[in-house]
Amino acid sequence: MKEKLNLALYELKYAFIGIKRHLLLCLSAISAITISLFLMAAFLVVGIHVDHFATNVQSDLSIHVILDQDIVEDDQINAIEEQIQALSNVDSVEFSDKENELELMIDEKGDAFSIYKGEENPLSNAFFVYVQNEKQIQNTSKQIEEIEGVSSSAYGGSSVTQLINLLDMVRKVGYGVILLLLVLSIYLIFNTIRTTIFSRQEEIIIMRQVGGTNAFIKRPFEVQGVLIGLFGSLLPVAALYFGYAKLYEVLEGQLFSNLFSLIEPNQIVLQVGLIITLIGLLIGGFASFWAVTKYLKVKR
Amino acid sequence: MIEILDVSKAYPNGVHALNHVKLKIDDGEFVYVIGATGSGKSTLIKILNGEIVPDEGLVIVNGTDVGALKHRKVPYYRRNIGCVFQDYRLLPTLTVFENIAFALEVLGMSKKEIRKRVRDVLELVDLKDKERCYPNELSGGQQQRVTIGRAIANRPQVLIADEPTGNLDPEKSLEIIKLLEKINETFNTTILMVTHDIVLVEKFKKRTITLDHGYVVHDSFKGGYKSV
């Protein structure tokens with residue numbers, strides 16, 4: 001028991017000695033990891049936003065269902081709402097009475113329409129229907145139109161369908177680029193650490209020669225790998241923390257319009273920061289493990 | 001005790017490094033192994049410290065069948081076999097003290113005990129004032145003494161030395177051989193020393209095994225080069 005504790009302490013000691021006495025080597029590994037993680041953080045921020053924008057735009061899409069003029073009773077309205085809700089692609093239905101419709105019209109077209117307020121209101125009651133799958137919006141709109149009591153339904157026409165398709169494509173390309181970059185960064189980090197350990201191959205062989213077991217030799221390298229990964233992720237996380245907050249502030253939380261609202265800094269820093277730190281740690285540790293295991297087996 | 005029973009080893013390139021070698025070395029013996037380059041001396045050492053496995057035959061060191069050891073078990077075996085190399089093989093980023101301590105730390109020995117052991121060893125190899133130096137700050141002879149110190153720190157029953165004086169001038173070689181003799185006498189350690197150094201073999205006469213093209217051509221208990 002005591003021996004095991006001693007061994008663990010010595011292993012930890014060698015992890016730190018390894019960093020201290022191979023400082024330049026470790027620093028170069030750390031800087032390589034810093035650069036990869038920095039790039040990855042940047043692309044993740046962009047990628048997450050593309051996804052966010054696409055989702056935003058799509059979730060804003062709704063079908064405007066205008067009811068017949070004579071549908072005024074609650075019973076009738078509820079019956080139609082139930083029928084709409086029963087359609088497979090419908091996510092939620094929002095009722096908008098004719099006063100609200102008028103308000104929306106005034107908002108959109110100007111105060112001149114205020115004269116219709118009150119008994120004179122020529123508009124009908126309506127629904128806003130939100131769908132689950134935006135690509136099916138056209139079909140759903142047609143289905144709703146066939147319901148008795150519905151006067152018309154509109155979703156914005158073919159330009160909306162095109163926008164949806166475009167956003168879907170952008171999203172897919174974004175995912176692809178991030179994935180590619182992820183693989184590239186992992187490979188880069190992996191190689192850096194492997195090279196670091198390669199230069200110490202001779203030491204590994206000597207350690208075995210004087211009675212160091214595989215585990216005793218391996219663990220300090222693994223701890224070092226994890227620490228190098230951790231140190232390598234510090235700077236990118238800090239850059240993300242300060243940089244993104246600044247960007248958010250300068251752009252006032254949105255890009256061009258409120259449709260492209262930026263994600264809260266806290267959320268992004270947490271998400272992306274966690275991802276890149278984890279990648280640094282895991283790849284650092286795993287690459288070390290893999291490389292030492294390989295060099296341990298070079299000689300018997 | 002070291003028993004080498006009908007051991008043969010050939011390399012993939014077709015060289016027969018050892019051919020049916022039979023040797024028995026008793027506890028506490030001091031033995032030279034001599035022979036020209038390519039005679040199989042290094043192969044013999046590598047088989048003894050478990051680095052390579054013989055094609056045929058058995059190598060039994062203190063009851064351990066060395067050739068049958070699994071890869072991960074080899075380090076445990078080596079803890080009882082001290083090894084000294086021509087090229088020292090010290091860990092370059094550890095000090096003299098730490099290099100010797102390493103061989104004890106792998107055993108899980110306590111810090112206090114290690115400090116005492118290393119001090120004793122440093123005294124024995126006469127490097128007390130160099131304990132904080134790194135290997136590259138030492139001369140060849142000093143480095144070799146560190147290696148010997150590391151090899152005997154765990155008080156192994158067997159010490160294998162592969163041309164320990166190969167890179168040293170005659171004066172330093174003398175120092176090393178005297179140190180090995182001291183270890184042999186003090187701890188009754190079995191010592192097997194591969195060497196090229198005719199002068200040493202002549203001067204410090206001991207059992208001398210001569211290898212030639214992988215065969216044991218002579219095994220003289222009288223010792224000395226001329227007896228061959």
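These numbers come from the heavy atoms of this one structure, side chains and all, not from hydrogens, waters or symmetry mates. So you know, we letter chains A, B, ... as the sequences are listed, proteins then strands, and number each from 1.
Within residues 47-59 of chain B, the residues having any heavy atom less than 4.5 Å from a heavy atom of chain A are, in residue-number order, B:Asn49, B:Gly50, B:Glu51, B:Ile52, B:Val53.
With hydrogens and angles disregarded, a donor-acceptor distance shorter than 3.5 Å links the side chain of A:Tyr10 to the backbone of B:Lys111. The closest donor-acceptor contact from the side chain of B:Arg79 to the backbone of A:Gly211 lies under 3.5 Å. A donor-acceptor contact shorter than 3.5 Å links the side chain of B:His71 to the backbone of A:Lys299.
Two residues are said to be in side-chain contact when any heavy atoms from C-beta on lie closer than 4.5 Å; A:Lys13 and B:Glu105 meet this criterion. Counting only heavy atoms from C-beta outward, the side chains of B:Arg89 and A:Val210 never approach each other to under 4.5 Å. Taking the side chain as every heavy atom from C-beta outward, A:Arg300 and B:Leu69 approach each other to under 4.5 Å.
With chain B as partner, the option from A:Arg200, A:Lys297, A:Lys20 having the largest number of non-hydrogen pairs under 4.5 angstrom is A:Lys297. Across A:Ile217, A:Thr213, A:Leu5, A:Asn214, the residue that shares the most heavy-atom pairs under 4.5 angstrom with chain B is A:Thr213.
For A:Phe38, the CZ atom sits in a loose shell: 12 or fewer heavy atoms of surrounding residues, nucleotides or ligands are nearer than 6.0 Å. Other residues, nucleotides and ligands place no more than 12 heavy atoms under 6.0 Å from the NZ atom of B:Lys46. Remark: B:Phe187 CZ is packed, more than 12 non-hydrogen atoms of other residues, nucleotides or ligands lying under 6.0 Å away. Crowding of B:His213 atom NE2: a count of heavy atoms from other residues, nucleotides or ligands under 6.0 Å not exceeding 12.
The CD atom of A:Gln209 lies 8.0 Å from the CZ atom of B:Arg150; values are rounded to the nearest 0.5 Å. With values rounded to the nearest 0.5 angstrom, B:Tyr88 atom OH is found 13.5 Å from A:Ile206 atom CD1.
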Q | Derivation of the side chain to side chain contact (heavy atoms under 4.5 Å, CB included) call for B:Thr93 and A:Glu203 | A | CA-CA 9 Å; B:Thr93 56; A:Glu203 286 181 51; 3.9 Å; yes
Q. Could you walk me through whether A:Ile17 and B:Glu98 pass the side chain to side chain contact (heavy atoms under 4.5 Å, CB included) check?
A. CA-CA 11 Å; A:Ile17 285 188; B:Glu98 289 166 335; 4.0 Å; yes
Q: Tell me, with the steps shown, if B:Leu91 and A:Tyr14 meet side chain to side chain contact (heavy atoms under 4.5 Å, CB included).
A: CA-CA 12 Å; B:Leu91 292 163; A:Tyr14 282 112; over 6 Å; no
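Residues A:Lys2 and B:Ser110 share a closest heavy-atom pair of NZ-CB, 4.1 Å.
Contacts between A:Glu11 and chain B at a heavy-atom distance below 4.5 Å are absent for every atom of the residue. For A:Lys4, no part lies under 4.5 angstrom from a heavy atom of chain B.
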